[in-house]
Chemist: 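Sharing a structure here in structure tokens format.
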Amino acid sequence: MLASQSQDKIEQFDPQNIQNVVWSFAKLGHRDMPLYKVLSVACINRISEFSVQDVTGTAWAFATCALQSSAVVAPLVETLGLGAAQRLTQFAVRDIA
């Protein structure tokens, strides 16, 4: 139920909210491909608004999920990589660890 509510309201989420949802579901081991696809698209569309913590937290969460769908993962990995590269000078040691 929470996953479907999150999916329905994703347009209202700021980048930290998106990162928090992805992180929370990954931490719980929740596997919901429709939700992860919506979250992935939201990340891709709004990467310019993400902070370093949003980029790293989102990358960790999606990596933890170990999603097998290349349609979801490949564009997201590329976008997160570009987002990280654009913020490279803002990274602290704790952000990389």
Chemist: Should L35 and F13 be counted in the same cluster of Ile, Leu, Val, Met, Phe, Trp and Tyr side chains packed under 4.5 Å apart?
Modeler: yes

Chemist: Which atom pairs, donor and acceptor, lie under 3.5 Å between side-chain atoms of residues 18-29 and protein residues at least two apart or in another chain?
Modeler:
unit_1	atom_1	unit_2	atom_2	d
N20	ND2	Q16	O	3.3
S24	OG	N20	O	2.7

Chemist: So does Q53 get a backbone contact from the side chain of T56, meaning a donor-acceptor N/O pair under 3.5 Å?
Modeler: yes

Chemist: Taking all non-hydrogen atoms of both residues, which atom of P15 and which atom of R46 are closest, and how far apart?
Modeler: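 Minimum heavy-atom separation between P15 and R46: CD-NH2, 3.7 Å.
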
Chemist: Can you tell me how far the OG atom of S40 sits from the CG atom of L80, to the nearest 0.5 Å?
Modeler: 8.0 Å

Chemist: Nearest heavy-atom pair of C43 and F62: which atoms, and what distance?
Modeler: SG-CE1, 4.3 Å

Chemist: Give a yes or no on whether I44 and V55 share a hydrophobic cluster (residues Ile, Leu, Val, Met, Phe, Trp, Tyr; joining criterion: side-chain heavy atoms under 4.5 Å apart).
Modeler: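 Yes, because I44 and V55 connect within a single hydrophobic cluster, where side-chain heavy atoms sit under 4.5 Å apart.
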
Chemist: What heavy-atom pair brings G83 and I47 nearest, and what distance separates the two atoms?
Modeler: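 Closest approach of G83 to I47, heavy atoms only: CA-CG1, 4.0 Å.
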
Chemist: How far apart are the closest heavy atoms of T58 and D54, and which atoms are they?
Modeler: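 Residues T58 and D54, closest heavy atoms: OG1-O, 2.6 Å.
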
Chemist: Are M33 and V73 connected into the same hydrophobic cluster when the rule is that any two of I, L, V, M, F, W, Y join if their side-chain heavy atoms are below 4.5 Å apart?
Modeler: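 V73 and M33: one cluster.
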
Chemist: Any non-hydrogen side-chain atom of D14 less than 4.5 Å from a side-chain atom of N17?
Modeler: yes

Chemist: With sequence neighbours left out, which residue pairs that include part of residues 70-83 fulfil the salt bridge (charged side-chain N to carboxylate O under 4.0 Å, His left out) condition?
Modeler: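 Not a single pair qualifies under salt bridge (charged side-chain N to carboxylate O under 4.0 Å, His left out).
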
Chemist: Roughly how far, to the nearest 0.5 Å, is CG of L39 from CG of L76?
Modeler: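 Spacing of CG (L76) from CG (L39) equals 9.5 Å.
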
Chemist: Indicate the atoms forming the closest heavy-atom contact of R31 with T64, along with that distance.
Modeler: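 Residues R31 and T64, closest heavy atoms: NH2-O, 3.6 Å.
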
